Amino acid sequence: MIEIPVYSNTQKDIVRKISGEARSSSWRDWRWQVRNSIKDIDTFEKLLGIKFSNKQREKLELTTGKFPLSITPYYLSLINAEDYENDPIFKQAFPSPLELRISKHDVKDPLAEDKDSPVPGITHRYPDRVLFHVSNICSMYCRHCTRKRKVGDRDFTPDRDEVSKGLNYIGSNPVVRDVLLSGGDPFMLPDSYLDWILTKLGEIPHVQVVRIGTRMPVVLPYRITDELVAILKKHHPVWINTHFNHPREITASSREALQKLADAGIPLGNQSVLLAGVNDCPRIMKALVHKLVENRVRPYYLYQCDLSEGLSHFRTPIGKGIEIMESLIGHTSGFAVPTYVVDAPGGGGKIPVLPNYMVSLSTNKVVLRNYEGVITVYKEPDSYEPVFCNRECGDCKLQLRLDESEEFNAVGVEKLLSDYDRTTSLVPKNNDRMDRRDDE
Ligand SMILES: *Cc1c(COP(=O)(O)O)cnc(C)c1O
């Protein structure tokens, strides 16, 4: 694999073409990068030294008319111009006319984020955590964006009044212990504004952790400045999830950004999306997770591609993801293995999927198989005194010793497994069978 130096000849050439001179100080200035993001096909052709045919041009213009284009000069510099059509960076950054193909099962907002939004900017789907959209701007428009419906909307940064609505929602909902700043990219915000948001979150006693989802280490690593890191460090515990999809995205510059964040004590995670033609290969994914952990980034999720409009050419069968998981689990370090998830269409949240490891079971034996195909039996205890649980944790002999012993109700499948609740089935509402019952 070719290691891209911090300031390569390709990069010098791009700076020269944009500014007329080849100053590395421009290249490493993130604002310069944002100002000079490539937003039209002419500039793209000029900077990369390639030329599309008139016919291709026509289709591309149609595509960017619907889903606009924006690429940072840095990310563009990672494209291999010799073989750009097969290039995983090119495919993630450059429009494809296939985006105009809307298939029958595509939806604008497959995760129903807009429905689960109690106040503007907040998606509250899970019991104890919320997604907080604090910016609608990105430095690069990923072609596979799950929020593609919003890409190219007017760029705006919600002002303090707007953000305060979200902060008030979080402040008045004590169940929220984890806040995920998302967007857009939260690191498109000015340092002082981010500092203000983090300060306000820090003042809410029940918010235990803040997470930031950003693709900056991948598409604009120079955004991770010492000043930014100093601010983040003041607001611990702050966790960051980033979004590398291919080992070629891990360059000297991105390593430097990751190192700064990790050295500031920020736990780093990575969320990849399984994309046809980009990373739908067990060897590529293994190389990616190895490079990530080498840079102190824990692979967190591997996403099945969502059903958003215009992504059909990126989708793989779920079997491809299972095949990749099969090639990782057991074969490499446990902490290098992400959780493979399907984000439920309609807004059910992330559903983990795994190869099957349980082969069979009886009342006292479980037959399992390992990654090599070894089939083994785990002998279970012949007698086991179950601990009856009535969720009265205050009286529990297991001494959880909760500060505020709080009875709470189990939810979902957890309820079926509990001792104190007599529910025997979880039945979806609004099906014919239930309607018939109502008629009686
Ligand atoms: C992914 C997601 C979260 C966070 O889920 P984790 O599994 O805790 O990482 C929270 N809210 C929404 C709406 C999400 O999509």
Side-chain angles (χ1 to χ4, degrees), residues 33-34 37-45 47-48 50 52 56-81 83-103 105-111 136-153 155 182-185 188 213-220 242-249 270-281 284 288 302-316 320 343:
Q33 290 272 344
V34 171
S37 284
I38 294 91
K39 294 189 186 279
D40 63 89
I41 296 162
D42 279 339
T43 315
F44 185 89
E45 285 184 326
L47 294 184
L48 219 59
I50 59 174
F52 298 105
Q56 284 172 317
R57 272 300 284 252
E58 221 171 274
K59 285 191 192 161
L60 287 171
E61 311 264 330
L62 266 176
T63 314
T64 53
K66 181 156 188 208
F67 300 119
L69 149 85
S70 179
I71 313 174
T72 58
Y74 164 79
Y75 199 62
L76 178 110
S77 78
L78 308 185
I79 297 174
N80 171 11
D83 185 21
Y84 67 89
E85 274 161 324
N86 291 313
D87 188 288
I89 315 282
F90 175 84
K91 287 186 184 179
Q92 292 180 66
F94 196 75
S96 158
L98 295 173
E99 291 170 34
L100 297 174
R101 208 171 56 185
I102 312 286
S103 72
H105 299 282
D106 288 6
V107 256
K108 277 218 166 65
D109 176 19
L111 311 180
N136 89 330
I137 314 174
C138 281
S139 62
M140 196 213 42
Y141 298 161
C142 305
R143 302 322 294 180
H144 55 277
C145 184
T146 184
R147 306 203 177 103
K148 219 170 160 71
R149 66 187 186 282
K150 294 185 193 263
V151 175
D153 281 4
D155 278 3
S182 180
D185 197 311
M188 284 301 274
T214 175
R215 209 178 180 199
M216 289 294 188
V218 189
V219 297
L220 183 43
T242 186
H243 176 32
F244 286 92
N245 282 330
H246 193 282
R248 268 188 43 209
E249 295 171 331
N270 186 68
Q271 318 199 130
S272 295
V273 185
L274 182 54
L275 297 170
V278 172
N279 59 12
D280 50 341
C281 159
I284 287 178
L288 175 63
L302 171 63
Y303 286 93
Q304 174 65 14
C305 186
D306 285 333
L307 296 175
S308 304
E309 281 185 353
L311 303 186
S312 54
H313 59 298
F314 278 130
R315 279 182 214 126
T316 66
K320 182 48 79 175
D343 218 333

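Atoms considered below: every heavy atom in the structure, side chains included; atoms not considered: hydrogens, waters and symmetry mates. No experiment lies behind these values; they were computed from the predicted model shown.
Within the 4.5 Å cutoff, the side chain of I38 has heavy atoms near those of the P73 side chain. K150 has its side chain out of reach of N136: every pair of non-hydrogen atoms, C-beta onward, lies at least 4.5 Å apart. Between R143 and F67 there is a side-chain heavy-atom pair separated by less than 4.5 Å. At least one side-chain heavy atom of S103 sits under 4.5 Å from a side-chain heavy atom of R315. Taking 4.5 Å as the limit, every side-chain heavy atom of Q271 sits out of range of all side-chain heavy atoms of T242. In this structure, the side chains of N245 and R215 come closer than 4.5 Å at one or more pairs of heavy atoms. Looking only at side-chain heavy atoms (C-beta outward), D106 and S308 stay at 4.5 Å or farther from each other. Put simply, the side chain of R248 reaches to within 4.5 Å of the side chain of D87, judged on heavy atoms.
Taking each heavy atom of I79 and I89 in turn, the nearest pair found is CG1-CG2, 3.8 Å. Nearest approach of S139 to L220, heavy atoms of both residues: CB-CD2, 3.9 Å. Of all non-hydrogen atoms in P110 and D306, the two that sit nearest each other are CG-CB, 4.3 Å. Shortest non-hydrogen contact noted between P217 and F244 is O-CZ, 3.9 Å. Annotation for F44 and I50: closest pair CE2-CD1, 3.8 Å, computed over non-hydrogen atoms. Here the shortest heavy-atom pairing between L60 and I41 reads CB-CD1, 3.5 Å.
Other residues, nucleotides and ligands contribute more than 12 heavy atoms inside 6.0 Å of the NZ atom of K66. Within 6.0 Å of NZ on K59 lie no more than 12 heavy atoms contributed by other residues, nucleotides or ligands.
Within the 6.0 Å centre-distance limit, the rings of H144 and H243 are counted as a close aromatic pair.
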### Query
After noting the C-alpha distance and the side-chain angles of M188 and V34, does the key distance pass the side-chain contact (heavy atoms from CB on, under 4.5 Å) rule?
CA-CA 9 Å; M188 284 301 274; V34 171; 4.0 Å; yes
### Message
Run the salt bridge (charged side-chain N to carboxylate O under 4.0 Å, His left out) test on E45 and R57 for me, step by step, so that the C-alpha distance in whole Å, both residues' side-chain angles and the decisive distance to 0.1 Å come before the verdict.
### Response
CA-CA 11 Å; E45 285 184 326; R57 272 300 284 252; 3.1 Å; yes
### Task
Please test D185 against T214 for side-chain hydrogen bond (donor to acceptor under 3.5 Å, both in side chains), starting from the C-alpha separation and ending with a verdict.
CA-CA 5 Å; D185 197 311; T214 175; 2.8 Å; yes
### Message
Applying side-chain contact (heavy atoms from CB on, under 4.5 Å) to S70 and M140, what does each step give before you reach the verdict?
### Response
CA-CA 5 Å; S70 179; M140 196 213 42; 5.7 Å; no
### Task
Check the pair V218 / Y75 against side-chain contact (heavy atoms from CB on, under 4.5 Å), numbers first and verdict last.
CA-CA 8 Å; V218 189; Y75 199 62; 4.2 Å; yes
### Task
Before giving the answer on side-chain hydrogen bond (donor to acceptor under 3.5 Å, both in side chains), spell out for N80 and D83 the whole-Å C-alpha distance, their side-chain angles and the decisive distance to 0.1 Å.
CA-CA 6 Å; N80 171 11; D83 185 21; 5.2 Å; no
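Once rounded to the nearest 0.5 Å, the distance linking NZ of K91 with CG of L275 reads 10.0 Å. For the atom pair NZ of K148 and CG of L311, the computed distance is 6.0 Å after rounding to the nearest 0.5 Å. Rounding to the nearest 0.5 Å gives a distance of 9.0 Å between CG of D40 and OG1 of T64. Taking CG of L111 as the reference point, atom CG of D343 lies at 4.5 Å (rounded to 0.5 Å). Atom OG of S312 sits about 10.0 Å away from atom CG of L100, to the nearest 0.5 Å. Between the CZ atom of R147 and the SG atom of C138 there is a distance of 9.0 Å, given to the nearest 0.5 Å.
Checked options Y84, F52, Y141; the residue passing with F94 is F52 (criterion: ring pair (Phe, Tyr, Trp, His ring centres under 6.0 Å)).
Checking side-chain atoms of N279 against main-chain N and O of V273 turns up a donor-acceptor pair under 3.5 Å. Proximity of a side-chain donor or acceptor of E249 to a complementary backbone N or O of H246 within less than 3.5 Å is detected.
Ionic pairing of D109 and R149 is present here: one or more N-O contacts between side-chain nitrogen and carboxylate oxygen are shorter than 4.0 angstrom.
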